[in-house]
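I have placed the structure first, in the form of structure tokens, so that the comments after it can refer back to it.
Note that the numbering runs from 1 along the sequence shown for the chain.
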Amino acid sequence: MTTSDRGSDMTTPDTSTPLVPASELSQDEVITLCAELIRFDTSNPTSDERACADWVAGRLAEAGIESELVESAPGRANVIARIAGADPERGALLVHGHLDVVPADASEWQVPPFSGEIRDGYLWGRGAIDMKDTVAVMIATARHFARTGTRPSRDLVLAFLADEEAGGKFGAHWLVEHRPDLFAGVTEAIGEGGGFSFAIDGTRRLYPIENAQRGMAWMELTATGRAGHGSSPNDENAVTDLAESLARIGRETFPIRLIEPVRALLEEAARLYGVEFDEDDIEGSLERLGPVSDFMQVVLRNSANPTMFDAGYQTNVIPGKATARVDGRFLPGHEQELIDTIDRLLLPSVTREWVNHDIAMETTFDGPLVDAMCAAVRAEDPDGHPVPYCNPGGTDAKAFTRLGIRCFGFKGLKLPHDLDYGRLFHGVDERVPLEGLRFGVRVMSRLWQSC
């Protein structure tokens with residue numbers, strides 16, 4: 001699915017009112033808020049979000065901000081708040097973040113993953129970058145606005161959501177289906193998936209702002225064959241057929257498909273590096289782009305990776321059935337290519353069915369909201385270069401596009417040049433720089449007043 005400017009707010013905001021900068025209090029408070037958020041174990045699916053959601057609603061209420069807590073199932077809680085803007089005639093902006101996190105094995109970490117410990121200039125813990133950092137920035141900025149009487153340029157809808165890590169069944173997708181009234185008047189949205197810094201040299205940084213996402217095609221493969229004794233020859237072995245099909249899929253290299261956000265990022269990186277970007281020789285061009293090449297490989301093509309396998313119950317028994325899971329992802333406009341390729345690689349005994357099938361999305365990189373995001377970054381980081389970006393995974397934005405909302409990924413996070421941000425997602429020793437959190441409050445405060 002491709003989103004367009006239909007339903008977006010292209011009205012230029014009034015910039016005559018001086019911006020109110022983020023206070024020192026709000027920049028200090030965001031660290032405390034993020035640490036407290038991390039201490040809620042909201043691992044999905046082993047825990048729920050209710051206690052954390054109650055805490056979020058409480059922090060908003062302390063500042064006089066009303067919210068509604070909505071449970072889609074027992075414990076699966078979402079918090080929605082609406083803040084009136086200076087121009088209520090403009091379409092509202094949705095700012096969303098999720099409260100759940102993926103599980104963490106404490107034995108692998110340097111610090112307990114739900115401790116919210118501060119060490120070496122970082123706040124450590126599961127969710128520190130995915131995405132309780134941004135949730136804390138949202139809360140700190142909202143409280144700052146309430147304390148100072150600062151009004152956003154247009155109405156804001158703040159959404160703190162459940163279940164993103166498992167696809168949003170109890171969060172964004174449920175709300176879109178059952179409570180679309182909560183998003184009445186919303187034309188644009190920002191969430192996770194972009195707005196973080198990526199070092200290109202010792203002083204300059206890219207800030208990829210997500211305006212596209214690959215689609216999700218998680219599938220279960222089932223091979224059927226002839227059950228029998230493990231000692232006997234069997235040319236209808238379900239395990240063998242499934243294993244061969246998985247090997248074909250895992251070794252398949254999909255062709256490069258250069259979508260516009262990826263092209264724009266690569267062209268800007270080439271300009272900053274002072275090298276040529278040749279669309280007819282993308283591989284050669286990537287060799288000239290240093291670390292940007294590795295960063296962008298995942299969004300140059302579709303992908304499909306076998307991730308799970310299940311078969312049999314005893315060594316000397318050939319089972320009649322074997323199953324496996326494959327994580328498939330497709331670029332906007334290239335879903336059918338993925339499906340056709342998978343079907344070509346499967347042996348005749350193997351069938352597939354969807355486990356989780358969701359859209360790809362893309363919108364243009366223009367308009368007042370894009371201008372405001374870029375300006376907020378440049379104001380706080382003059383060596384920052386905002387660029388379009390395609391998220392290789394997926395976020396709750398996929399749900400909100402179903403309401404005709406134009407979605408972007410933007411968190412406003414400045415990172416040390418030696419921090420491998422991408423490896424921290426769902427990884428061990430997840431942590432966020434304290435200065436990055438402060439930076440986020442400054443950027444978000446600017447953005448809310450100027451978008």
For this session: Verify the neighbour count for atom CD of Glu66: are there more than 12 heavy atoms of other residues, nucleotides or ligands below 6.0 Å?
Result: no
Problem set entry | More than 12 heavy atoms from other groups under 6.0 Å of CZ on Arg423 | no
Gap separating the [atom1] atom of [X] from the [atom2] atom of [Y], nearest 0.5 angstrom:
X      : Y      : atom1 : atom2 : value
Leu258 : Leu266 : CG    : CG    : 6.5 Å
Ile405 : Arg402 : CD1   : CZ    : 12.5 Å
Leu37  : Arg59  : CG    : CZ    : 9.5 Å
Asn78  : Leu99  : CG    : CG    : 7.5 Å
Ser445 : Phe145 : OG    : CZ    : 4.0 Å
Asp420 : His417 : CG    : NE2   : 13.5 Å

Looking only at side-chain N and O atoms, does [Y] offer a donor or acceptor that is under 3.5 Å from a partner on [X]?
X      : Y      : answer
Thr307 : Asn305 : no
Asp201 : Tyr273 : no
Ser285 : Arg288 : yes
Gln213 : Thr395 : yes
Asp358 : His173 : yes

Could you tell me whether [X] and [Y] have a side-chain N and a carboxylate O separated by less than 4.0 Å?
X      : Y      : value
Glu36  : Arg39  : no
Arg214 : Asp327 : no
Arg82  : Glu68  : no
Arg179 : Asp181 : yes
Glu71  : Arg76  : no
Glu380 : Arg205 : no
Asp28  : Arg438 : yes
Arg126 : Asp429 : no
Glu279 : Arg263 : yes
Arg154 : Glu188 : yes

Problem set entry | side chain to side chain contact (heavy atoms under 4.5 Å, CB included) between Phe410 and Val443, worked out | CA-CA 10 Å; Phe410 182 82; Val443 168; 3.7 Å; yes
Compare every heavy atom of [Y] with every heavy atom of [X], then report the nearest pair and how far apart it is.
X      : Y      : result
Cys451 : Leu369 : CB-CD1, 3.8 Å
Leu60  : Phe160 : CD1-CE1, 3.9 Å
Val157 : Leu182 : CG1-O, 3.9 Å
Asp381 : Lys414 : OD2-CE, 4.0 Å
Thr401 : Cys407 : CG2-SG, 3.9 Å
Cys390 : Pro261 : N-CB, 4.3 Å

Exercise. Taking it one step at a time, do Glu210 and Met361 satisfy side chain to side chain contact (heavy atoms under 4.5 Å, CB included)?
Worked result: CA-CA 10 Å; Glu210 177 204 292; Met361 48 174 276; 4.3 Å; yes
Exercise. Should the pair Phe196 and Phe295 be assigned to parallel (<30°), tilted (30 to 60°) or perpendicular (>60°) ring geometry?
Worked result: perpendicular
With no hydrogens and no angle check, is any side-chain donor or acceptor of [X] less than 3.5 Å from a backbone partner on [Y]?
X      : Y      : result
Arg442 : Ala22  : no
Arg325 : Pro306 : no
Asp100 : Glu164 : yes
Asp396 : Gly168 : no
Glu268 : Val387 : no
Ser26  : Thr141 : no

Seminar exercise, completed: The residue among Arg50, Lys132, Glu49, Glu165 that forms side-chain hydrogen bond (donor to acceptor under 3.5 Å, both in side chains) with Thr42 is Lys132
Exercise. Does anything in residues 90-124 pair up under ring pair (Phe, Tyr, Trp, His ring centres under 6.0 Å), and if so which pairs, sequence neighbours excluded?
Worked result: His96-Phe400
Do [X] and [Y] have side chains that approach each other closer than 4.5 Å (heavy atoms only, starting at C-beta)?
X      : Y      : answer
Ile209 : Pro388 : no
Glu260 : Glu362 : yes
Trp448 : Leu156 : yes
Thr148 : Ser23  : no
Phe198 : Val292 : yes
Leu413 : Leu415 : yes
Lys411 : Glu192 : no
Asn302 : Arg257 : no

For this session: Give the intermediate values and the outcome of salt bridge (Lys or Arg N to Asp or Glu O under 4.0 Å) for residues Arg147 and Glu29.
Result: CA-CA 13 Å; Arg147 281 193 299 263; Glu29 183 179 61; 3.5 Å; yes
For this session: Tell me, with the steps shown, if Arg143 and Ile139 meet side chain to side chain contact (heavy atoms under 4.5 Å, CB included).
Result: CA-CA 6 Å; Arg143 287 165 61 93; Ile139 298 170; 3.6 Å; yes
Seminar exercise, completed: Test side chain to side chain contact (heavy atoms under 4.5 Å, CB included), reference Ile31, set Val441, Asp133, Leu434, output is Leu434
Exercise. Among Ile38, Thr134, Leu437, which residue meets the side chain to side chain contact (heavy atoms under 4.5 Å, CB included) test with Val432?
Worked result: Leu437
Problem set entry | Candidate pair Asp155 and Arg90, rule side chain to side chain contact (heavy atoms under 4.5 Å, CB included), full reasoning | CA-CA 8 Å; Asp155 286 3; Arg90 295 183 61 214; over 6 Å; no
